There are 2 protein chains.
Amino acid sequence: MVMLSLSLHTLNERRGITPGSPPHRVRQAVFHRANSMLYRPGDRTGTLYDIAFGTVRTYHMMSDGRRQISGFYFAGDVFGLEPQPRHRLFAETVEECAIRPFDQRTEVAGAEALYALAQADLGRLGDHLMLLGHANALARISRFMLDLDSRQGRDGLVTLGMPRADIADFLGLTIETVSRVFTRLSEMRLIARDTARSIELLDRDGLAALCD
Amino acid sequence: MVMLSLSLHTLNERRGITPGSPPHRVRQAVFHRANSMLYRPGDRTGTLYDIAFGTVRTYHMMSDGRRQISGFYFAGDVFGLEPQPRHRLFAETVEECAIRPFDQRTEVAGAEALYALAQADLGRLGDHLMLLGHANALARISRFMLDLDSRQGRDGLVTLGMPRADIADFLGLTIETVSRVFTRLSEMRLIARDTARSIELLDRDGLAALCD
DNA sequence: CGCGCTTTTGAGTTTCGTCAACTGGTGTGG
DNA sequence: CCACACCAGTTGACGAAACTCAAAAGCGCG
């Protein structure tokens, strides 16, 4: 799975702003406790968020209380772009976070950069769609782990910042199924669980083979 | 479900081109037989397609031969926008189609219009994600029918241009399940099947109630 | 009419969800 | 320091939903 992530750094490069240039109108990063609400459906869009550190989830809430997490965002990712003048998603911190909000209009140079951001989200959504459409629980978790691994870049050592419930609601599973799949992958010697949140990928080719 | 669809007409309005203005560099619409390949993964992106009439499907192919249809496009819709310089999707006609290709760079006024198109796709994908994540077969089909109804605008009379296999691969189901759900919805008096491809929505509130 | 294709229906199996109990780690207070 | 409570995660038993394989029915077309 190709997980596109577009950082503000990339955006700035597109604008010709190198790290050495004087920053203009930089708003400070804001610290948030875990599980803080950042925005909710109905809030005005127009602000984007650049994550300095931490993890953020965006999600839909359905009438019966079920939750579909549409994405996780990590340090360097930009989130908050939505197609309408008002948000349709919730955004919450998963862990402690430092987040720099900035104005979509004044601090992003025109529609081109916005289009680039939208493209990144499009790529991610397309991949996720395929996963939810035609993949069993084993494949979903395997892909999720491989994706986290590639985004965290710590060579086979994956840290899950989120609880099982978040993984379940992201992948369209239940926490019990998520748990069982971790156990199975462990038995298959594809992963090793140091703790519940810290997982070593022992055989990434084997995991990839499950993803089909 | 909000199904955003953005027609070239809308794009032109954004450019200040009204139906009366002289067209510039209009390429003719091209006619295609059913099941014609329009582009495939690896082909260069940069051309967009405006459907005059007919139905188009875009899809991913997985290594094991399974297919995930990511969207259906109808008369007035524009498709072909993808985040990379090369396509990752297949695009095929479902029925006979007339399609006007146009150049993304020269015939779309800048990134703003592209961004608008990307937004439309984002909205659609987000909705579809939710559907595939947390919805049973009954809900998936019900939503699909209601969505088609709202896009075809013929007040409760839905024409399925595509075979069951396409519906199945779009909704992440099998053709047998699709068929069984149609039968169930019929028994529940929510729909009536004139033919297999022509379906009347008898109780749209009832269908909506199944969608959660 | 007969052929090929799509759709429907049926029977059996698998996968995942539900409900419930249990484990293990963490923090608190006696 | 230990006992306890609490929460996240795991495990087990069972049932429901959807898939698979197979066969029959419907439909368009030469």
Side-chain angles (χ1 to χ4, degrees), chain A residues 34-35 55 57 62 64-68 94-95 131-142 144-145 158-188 191-199 210 212, chain B residues 33-35 55 57 62 64-68 94-96 131-145 158-188 191-199 210-212:
Chain A
N35 300 307
T55 307
R57 61 177 167 252
M62 341 258 284
D64 59 354
R66 283 175 311 179
R67 192 178 59 153
Q68 172 66 50
V94 177
E95 323 166 271
L131 194 68
L132 293 185
H134 290 286
N136 58 22
L138 221 53
R140 294 185 194 196
I141 300 281
S142 299
F144 182 65
M145 294 309 292
V158 174
T159 302
L160 300 174
M162 68 292 291
R164 295 290 185 268
D166 281 8
I167 301 176
D169 288 346
F170 181 58
L171 297 177
L173 301 169
T174 60
I175 59 173
E176 294 94 334
T177 300
V178 171
S179 189
R180 277 186 256 269
V181 169
F182 275 126
T183 301
R184 275 226 276 159
L185 292 176
S186 241
E187 289 165 355
M188 296 164 77
I191 66 171
R193 279 179 289 187
D194 179 25
T195 71
R197 301 280 186 102
S198 169
I199 290 176
L210 292 177
D212 268 353
Chain B
R33 280 199 300 262
N35 301 306
T55 307
R57 60 178 168 250
M62 340 258 284
D64 60 353
R66 283 175 311 180
R67 193 178 58 153
Q68 172 66 51
V94 176
E95 322 166 272
E96 284 201 336
L131 194 68
L132 294 186
H134 291 286
N136 59 21
L138 222 53
R140 293 184 195 196
I141 299 280
S142 300
R143 256 187 134 132
F144 182 65
M145 295 307 294
V158 174
T159 301
L160 299 173
M162 70 290 291
R164 296 290 186 268
D166 282 7
I167 301 175
D169 288 347
F170 181 59
L171 298 178
L173 302 170
T174 59
I175 60 173
E176 294 94 332
T177 299
V178 171
S179 188
R180 278 185 253 269
V181 169
F182 275 125
T183 302
R184 275 226 276 160
L185 292 176
S186 240
E187 289 165 357
M188 296 163 78
I191 66 172
R193 279 179 289 186
D194 180 23
T195 73
R197 302 278 185 104
S198 170
I199 289 175
L210 291 177
C211 295
D212 269 351

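Every heavy atom of this structure was used, including side-chain atoms; hydrogens, water molecules and symmetry mates were not. Computed from a predicted structure; not experimentally measured. Just so it is clear: chains get the letters A, B, ... in the order the sequence lines come, proteins before strands, and each one is counted from 1.
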>> Apply side-chain contact (heavy atoms from CB on, under 4.5 Å) to residues A:Leu185 and A:Ser142 and explain how you reach the verdict.
In response: CA-CA 8 Å; A:Leu185 292 176; A:Ser142 299; 4.1 Å; yes
Please list, pair by pair, any protein nitrogen or oxygen found under 3.5 Å from a nitrogen or oxygen in nucleotides 3-7 of chain C.
from, atom 1, to, atom 2, distance (Å)
C:dT7, OP1, B:Arg197, NE, 2.7
C:dT7, OP1, B:Arg197, NH2, 3.2
C:dT7, OP2, B:Arg164, N, 2.8

>> The criterion is side chain to side chain contact (heavy atoms under 4.5 Å, CB included); which residues satisfy it with A:Ala192, sequence neighbours excluded?
In response: A:Glu200, A:Leu202
>> Restricting to side chain to side chain contact (heavy atoms under 4.5 Å, CB included), what partner residues turn up for A:Asn35, sequence neighbours left out?
In response: A:Arg57
Suppose we screen for side chain to side chain donor-acceptor pair (under 3.5 Å). Which residues come up paired with [X], at least two apart in sequence or across chains?
X	answer
A:Thr159	A:Arg154
A:Arg67	A:Asp166, A:Asp169
B:Glu95	B:Thr55

> Are the side chain of A:Gln68 and the backbone N or O of A:Phe170 linked by a donor-acceptor pair below 3.5 Å?
Replying inline: yes
>> Strictly distance-based, threshold 3.5 Å: is any side-chain N or O of A:Arg164 a donor or acceptor partner for the main-chain N or O of A:Ala196?
In response: yes
>> Across nucleotides 15-21 of chain D, 5' to 3', mark each nucleotide with B, S or - according to how protein heavy atoms within less than 4.0 Å reach it.
In response: ---SSBB
>> I need the CD1-P distance between B:Ile191 and C:dT8, as an integer number of Å.
In response: 9 Å
Could you run down the sub-3.5 Å N/O contacts of the protein with nucleotides 24-30 of chain D?
none

>> Can you list everything that forms a salt bridge (charged side-chain N to carboxylate O under 4.0 Å, His left out) with B:Arg66? Sequence neighbours excluded, please.
In response: B:Asp64
Using residues 175-184 of chain B as the side-chain source, report each donor-acceptor pair under 3.5 Å to any protein atom, sequence neighbours left out, with the distance given to one decimal.
from, atom 1, to, atom 2, distance (Å)
B:Thr177, OG1, B:Thr174, OG1, 3.0
B:Thr183, OG1, B:Ser179, O, 3.1
B:Thr183, OG1, B:Arg193, NH2, 3.4

